[in-house]
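Comments concern the structure below.
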Protein chains: 2
Amino acid sequence: MENFIPEALFSMLERRDELSVAERKALESLSWRLRSYGDGDEIIPERSEPTESCLLVEGLAARSRQLANGNRQLTAVHVPGDFVDLHGLLLKVMDHAVMALAPCRMAFAPHSEVRRIAAEFPHLGRLLFMTVAIDAAIQRNWIACMGRMDPLRHIAYLVCEVYCRLDVVGQVKDRAFDFPVTQSEVADLVGLSIVHTNRTIQELRASGHVTWQGNQVIVHDWDGLARLADFDPTYLNLVRRPR
Amino acid sequence: MENFIPEALFSMLERRDELSVAERKALESLSWRLRSYGDGDEIIPERSEPTESCLLVEGLAARSRQLANGNRQLTAVHVPGDFVDLHGLLLKVMDHAVMALAPCRMAFAPHSEVRRIAAEFPHLGRLLFMTVAIDAAIQRNWIACMGRMDPLRHIAYLVCEVYCRLDVVGQVKDRAFDFPVTQSEVADLVGLSIVHTNRTIQELRASGHVTWQGNQVIVHDWDGLARLADFDPTYLNLVRRPR
DNA sequence: CGCTAGGTTGAGGTACGTCAAGCTAAGTGG
DNA sequence: CCACTTAGCTTGACGTACCTCAACCTAGCG
């Protein structure tokens, strides 16, 4: 629409495989519609049936599941470059909501057009669906973290993951990144109470591997942090390979 | 190869959308290779780079993640009809292992052929990748269960989910299904200790909603069980829709 | 200056995990 | 056919990691 160029998406995909000029042009040619959201805004409601896919351009978003007992669980974090709603394209009905964890800019493109370029450029289509598979891989690791890791390692793991994913799109500067997420939201990410989340973050700070105050996270000792969290970035597929 | 017809896959896909004759033929035409596995066998090792996708034909399988602290977390259950290793096709390197929860028969087809039919029949390709998106949706719900549900509801949810998924491929008879999984494996599925898993299963039995002895699970009161688990099958996409 | 959202701390209870033992049923070798 | 083993299930005792409740503190904002 407004000649939008999805740079972050290019970074995200090109980190995994080469994009041809035609493929880039195809992505650019979608009739993108840009929209902004405030902190906490609902971007895609649960049970809705989106007709557009959305790409996170700026900010931070999350997938959120509201349970009958009133609890909330966040099941994914999304960073710029993430094609957040390919799931909706394939699944039709949203089984969860997508919300802004921080002020966000999103770019929307009609499902019909995404389907068209995926069919016309099968390799590009595979790359787009690869992002869905990466989301799934991330979620598998979250399951492992929730089931079999203690809170300290779990939160350390979260920091490692967000660090890597933000790094792909150039949002890590001097081993530091912006993480405008409240401790209450972190609690809903890791499935702990707010109080225990707070204490665990303090414990993580005390470990000396990171500084985490306000929205700023600084990783002083990547290797130590990764060792603590048993973090192996293989699942993020940060390798350029023909796909 | 041996004129194999992936009936369970047809059921799985046709439950979600119509398959044309050409699409069915395309799936049949893959050079399937059949293999059997015993209980507990490793089907796809962690860190391997499969060149074939595999389809579960008979039995029960799981995705397994081994942690450095020696713990194991199972991150997914697979039932007949599940195209287990499309993830491998898109991701190249396995970030987890696939193992047999029970004696299994698997059908393997070369990635190159799967890629070819996905490109040649874009609608079929979307359906195949839809199964990846459904896996992701299932995992999101597992995350919610692990983070924000008590063990009783979590295990009840597991029963609901397996029930629905087995039903799609005709493996539920008279509200009962075969579930040849040890309590130790259930523990690794839900992220609890064996002892607590045992006590929770007893509690579930005592609730009267299910009989669960040996490998046999009988659901006496589906509505009650679903209410207990706050189970809403939307995420399984059990609706026929053009995709 | 007061209000609010977010962060922090303390106290007390409980739902989990761990350890250890005993039980049952199926399989194995004599 | 019976000892013996083994895998899986069950139970009890005990400790602790986590949750809940309730304050209080701080910074930002009207």
Side-chain angles (χ1 to χ4, degrees), chain A residues 38-41 60 62 67 69-74 99-103 144-156 158-159 178-207 210-217, chain B residues 38-41 60 62 67 69-74 99-103 145-156 159 178-207 210-217:
Chain A
D39 187 6
D41 285 0
L60 221 49
L67 302 190
N69 57 19
N71 287 330
R72 180 178 74 163
Q73 175 70 45
L74 302 180
M99 55 162 287
L101 280 180
C145 288
M146 301 191 80
R148 295 298 186 210
M149 272 186 175
D150 58 61
L152 178 63
R153 285 154 213 278
H154 187 175
I155 291 184
L158 178 67
V159 171
D178 207 46
F179 196 51
V181 173
T182 66
Q183 292 190 358
S184 156
E185 287 163 336
V186 175
D188 284 341
L189 283 169
V190 296
L192 294 171
S193 69
I194 299 182
V195 171
H196 203 71
T197 300
N198 174 279
R199 291 183 169 132
T200 307
I201 289 176
Q202 290 180 53
E203 196 184 343
L204 184 62
R205 288 188 191 120
S207 78
V210 306
T211 298
W212 181 343
Q213 36 203 9
N215 298 339
Q216 180 84 347
V217 177
Chain B
D39 187 6
D41 284 1
L60 222 48
L67 302 190
N69 58 18
N71 287 331
R72 180 177 73 164
Q73 175 70 45
L74 302 180
M99 56 162 288
L101 280 181
C145 287
M146 302 191 80
R148 294 299 186 209
M149 272 186 176
D150 58 61
L152 178 62
R153 284 154 213 277
H154 188 174
I155 293 184
V159 172
D178 208 44
F179 197 51
V181 173
T182 66
Q183 292 190 358
S184 156
E185 287 164 335
V186 175
D188 284 341
L189 283 168
V190 296
L192 294 172
S193 68
I194 299 181
V195 172
H196 203 71
T197 300
N198 174 277
R199 291 184 168 129
T200 307
I201 290 176
Q202 290 180 53
E203 196 185 341
L204 184 61
R205 288 186 189 121
S207 77
V210 306
T211 298
W212 181 344
Q213 34 203 8
N215 298 339
Q216 181 84 348
V217 177

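Numbered from 1 within each chain, the chains take letters A, B, ... in sequence-line order. Just so we're clear, the structure is a prediction, and the values are computed from it rather than from any experiment.
The distance from atom NE2 of A/His154 to atom P of D/dC18 is 12 Å, rounded to the nearest whole Å. Between B/Ile201 atom CD1 and D/dT11 atom P there is a gap of 12 Å when expressed in whole angstrom units. Rounded to whole Å, the distance from CG on B/Asn198 to P on D/dT11 is 7 Å. Going from atom CG of B/Asn215 over to atom C1' of D/dG8 covers 11 Å, rounded to whole Å. Rounded to whole angstrom, the span from the CD atom of B/Glu185 across to the P atom of D/dG8 amounts to 8 Å.
Taking the nucleotide of DNA chain D with the nearest heavy atom to each of A/Asp150 and B/Val181, the more 5' of the two is matched to B/Val181. Heavy-atom distances to DNA chain C give each of A/Gln202 and A/Arg148 a nearest nucleotide, and the one nearer the 5′ end belongs to A/Gln202.
Taking only side-chain nitrogens and oxygens, B/Gln183 never comes nearer than 4.0 Å to OP1 or OP2 of D/dA7. When the side-chain nitrogen and oxygen atoms of B/Arg205 are compared with OP1 and OP2 of D/dT10, one or more of them lie within a distance under 4.0 Å.
With hydrogens and angles ignored, the 3.5 Å screen pairs no side-chain donor or acceptor of A/Gln183 with any backbone N or O of A/Thr197. Side-chain N or O atoms of A/Glu203 include none that pairs as donor or acceptor with a backbone N or O of A/Leu152 at under 3.5 Å.
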Test side-chain contact (heavy atoms from CB on, under 4.5 Å) on B/Leu67 and A/Met149 and set out the steps. CA-CA 9 Å; B/Leu67 302 190; A/Met149 272 186 175; 4.1 Å; yes

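Residue pairs that meet the salt bridge (charged side-chain N to carboxylate O under 4.0 Å, His left out) test with at least one member in residues 183-197 of chain B, sequence neighbours left out, are A/Arg148-B/Asp188, B/Arg72-B/Asp188.
Residues satisfying the side-chain hydrogen bond (donor to acceptor under 3.5 Å, both in side chains) criterion with A/Gln202, sequence neighbours excluded, are A/Asn198. Residues passing the side-chain hydrogen bond (donor to acceptor under 3.5 Å, both in side chains) test with A/Thr211, sequence neighbours excluded: A/His220. Applying the salt bridge (charged side-chain N to carboxylate O under 4.0 Å, His left out) criterion to A/Asp178, with sequence neighbours excluded, gives no partner residue. Residues that satisfy the salt bridge (charged side-chain N to carboxylate O under 4.0 Å, His left out) test with A/Asp150, not counting sequence neighbours, are A/Arg153. Under the rule for a salt bridge (charged side-chain N to carboxylate O under 4.0 Å, His left out), A/Arg199 has no partner lying at least two apart in sequence or in another chain. Applying the side-chain hydrogen bond (donor to acceptor under 3.5 Å, both in side chains) test to A/Asn71 and every residue at least two apart in sequence or in another chain returns A/Asn69.
Annotation: the terminal axes of the helix from C/dC1-D/dG30 to C/dG30-D/dC1 meet at 30°, where each axis is the rotation carrying the C1' atoms of four end pairs onto the next four (5 pairs per end, rounded to 10°).
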Between the protein and nucleotides 12-14 of chain D, which nitrogen or oxygen pairs are less than 3.5 angstrom apart?
residue : atom : partner  : partner atom : Å
D/dG12  : N7   : B/Arg199 : NH2          : 2.4

Polar atom pairs (N or O), protein with nucleotides 23-26 of chain D, under 3.5 Å:
none

Write out a two-atom table: protein N or O, nucleotide N or O from nucleotides 27-30 of chain D, distance below 3.5 Å.
none

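Residue contacts for B/Leu192: at a heavy-atom cut-off of 4.0 Å it reaches the sugar-phosphate backbone alone, with no base atom in range. Among the heavy atoms of the strands lying under 4.0 Å from A/Ser193 is at least one base atom, whether or not backbone atoms are also near.
A 4.0 Å heavy-atom criterion places the boundary nucleotides of DNA chain C facing chain B at C/dC16 to C/dC19, written 5' to 3'.
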